[in-house]
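Worth knowing before you read on, the calculation uses all heavy atoms, side chains too, and leaves out hydrogens, waters and symmetry mates. The shown structure was predicted, so the numbers you read here are calculated from the model rather than taken from an experiment.
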Amino acid sequence: MIRDAKYKKGDVIYRQNEKAGEVFFVKFGTVNLYIDYKTADSKLIGIVGEGRVFGELGVIEDKPRTMTTVAAEDSVVTIVDKESFPSYIKEHPNKLLVVMESLSSRIRAQSHKLAKACKVCAKYTEEKETKGYVDSALMKEMEVLAAENKKART
């Protein structure tokens, strides 16, 4: 099924851990993406504007939602369920590029995080082997990476 839906500012579009199965294309407005929405650990992790997509992993994977999405302002989105997605893409091939750009952006961000972690780990190992200890600045980098990793997993 393909349909447009209107959301008022502050409306929750879907919640973290809900069953997924639809992709959302923003026609008008802006949507905020949160992890742990309305908890002490709540974190805004992205903003999706007009012409962009969110919830695409729900069409690609059969796993629960990884975040909560909230209308940042009055918004209109096109909702496409998993079964209708192939025909929607055939009728709107430009939307496939929107999905691919979104996925590419996520992969690039994760690649940068991984590269940073690898560099810090390599420096740690090198210092430990050459000096026999690790200086406090590098230990602080390790602690920051560990905290970021812990936050990303929860």
Item to check | Closest contact, heavy atoms only, V76 versus K6 | outcome: CG2-CG, 3.9 Å

Checklist entry - Within a strict 4.5 Å, meaning less than it, do heavy atoms of the T69 and N32 side chains meet? => result no

Checklist entry - Run the side-chain contact (heavy atoms from CB on, under 4.5 Å) check on F54 and V23 step by step: do they pass? => result CA-CA 6 Å; F54 63 97; V23 61; over 6 Å; no

Checklist entry - Can a salt bridge be assigned to the pair R52 and E101 using a cut-off of 4.0 Å between side-chain N and carboxylate O? => result yes

Checklist entry - Applying the 4.5 Å side-chain criterion to the ILVMFWY set and letting contacts propagate, would L96 and V80 be lumped into a single cluster? => result yes

Checklist entry - When clusters are formed by joining ILVMFWY residues with side-chain heavy atoms under 4.5 Å apart, either directly or through shared neighbours, do V99 and V59 land in the same one? => result yes

Next on the checklist: I'd like to know whether E56 forms a side-chain contact (heavy atoms from CB on, under 4.5 Å) with L103, so could you lay out the CA-CA distance, the side-chain angles of the two residues, the decisive distance to 0.1 Å, and finally the verdict.
Outcome noted: CA-CA 8 Å; E56 68 276 14; L103 294 173; 3.9 Å; yes

Next on the checklist: Could you report the tightest heavy-atom contact between L33 and M67, atom names first, then the distance?
Outcome noted: CB-SD, 3.4 Å

Next on the checklist: Test question: given the 4.5 Å side-chain rule for I, L, V, M, F, W and Y, name all other residues clustered with I47, or answer none.
Outcome noted: V12, Y34, Y37, L44, V70

Checklist entry - Does K82 NZ have over 12 foreign heavy atoms under 6.0 Å away? => result yes

Item to check | Side-chain heavy atoms of D74 within contact of Y7, under 4.5 Å | outcome: no

Checklist outcome for this item: Heavy-atom closest pair (V53 atom, S102 atom, distance to 0.1 Å) is CG1-CB, 3.6 Å

Checklist entry - In terms of hydrophobic clustering (I, L, V, M, F, W, Y; side-chain heavy atoms under 4.5 Å; direct or indirect links), are V48 and I79 co-clustered? => result yes

Checklist outcome for this item: In short, V98 meets G51 closest at the heavy-atom pair CG1-O, 3.5 Å

Next on the checklist: Looking at D62, I want to see if its CG is surrounded by more than 12 non-hydrogen atoms of other residues, nucleotides or ligands under 6.0 Å.
Outcome noted: no

Checklist entry - Distance from K116 atom NZ to S111 atom OG, nearest 0.5 Å? => result 14.5 Å

Item to check | Between CD on residue E18 and OG1 on residue T68, distance to nearest 0.5 Å | outcome: 7.5 Å

Checklist entry - How about D4 and T78: does a side-chain donor come under 3.5 Å of a side-chain acceptor? => result yes

Next on the checklist: Before you tell me yes or no, could you show the steps for T125 and K128 under side-chain contact (heavy atoms from CB on, under 4.5 Å), namely the whole-Å CA-CA distance, both residues' side-chain angles and the distance that decides it to 0.1 Å?
Outcome noted: CA-CA 5 Å; T125 301; K128 192 79 167 161; 5.7 Å; no

Checklist entry - Under 3.5 Å, is there a donor-acceptor pair between the side chain of D81 and the main chain of E22? => result no

Checklist outcome for this item: Here the pair of heavy atoms bringing S84 nearest to I2 is CB-CG1, 3.8 Å

Next on the checklist: Please report the interatomic distance CZ(F85) to NZ(K90), rounded to the nearest 0.5 Å.
Outcome noted: 12.5 Å

Next on the checklist: More than 12 heavy atoms of other residues, nucleotides or ligands under 6.0 Å from NZ of K131: yes or no?
Outcome noted: yes

Next on the checklist: What's the separation between atom CG in L114 and atom CD1 in I107, rounded to the nearest 0.5 Å?
Outcome noted: 12.5 Å

Item to check | Residue pair A71 / S75: nearest heavy atoms and the distance that separates them | outcome: CB-OG, 4.2 Å

Checklist entry - Do the charged groups of E141 and K123 touch, with an N to O distance under 4.0 Å? => result yes

Checklist entry - Do I45 and L57 sit in the same hydrophobic cluster, where Ile, Leu, Val, Met, Phe, Trp and Tyr count as joined when their side-chain heavy atoms come under 4.5 Å apart? => result no

Next on the checklist: Test ring pair (Phe, Tyr, Trp, His ring centres under 6.0 Å) on Y88 and F25; report intermediate values, then the result.
Outcome noted: CA-CA 11 Å; Y88 182 78; F25 293 92; 5.4 Å; yes

Checklist entry - Taking C-beta and beyond as the side chain, do I35 and Q16 meet within less than 4.5 Å on heavy atoms? => result yes

Checklist entry - Under 6.0 Å between ring centres, would you say that holds for F24 and Y14? => result yes

Checklist entry - Is the backbone of M100 close enough, under 3.5 Å, to the side chain of S104 for a donor and an acceptor to pair up by distance? => result no

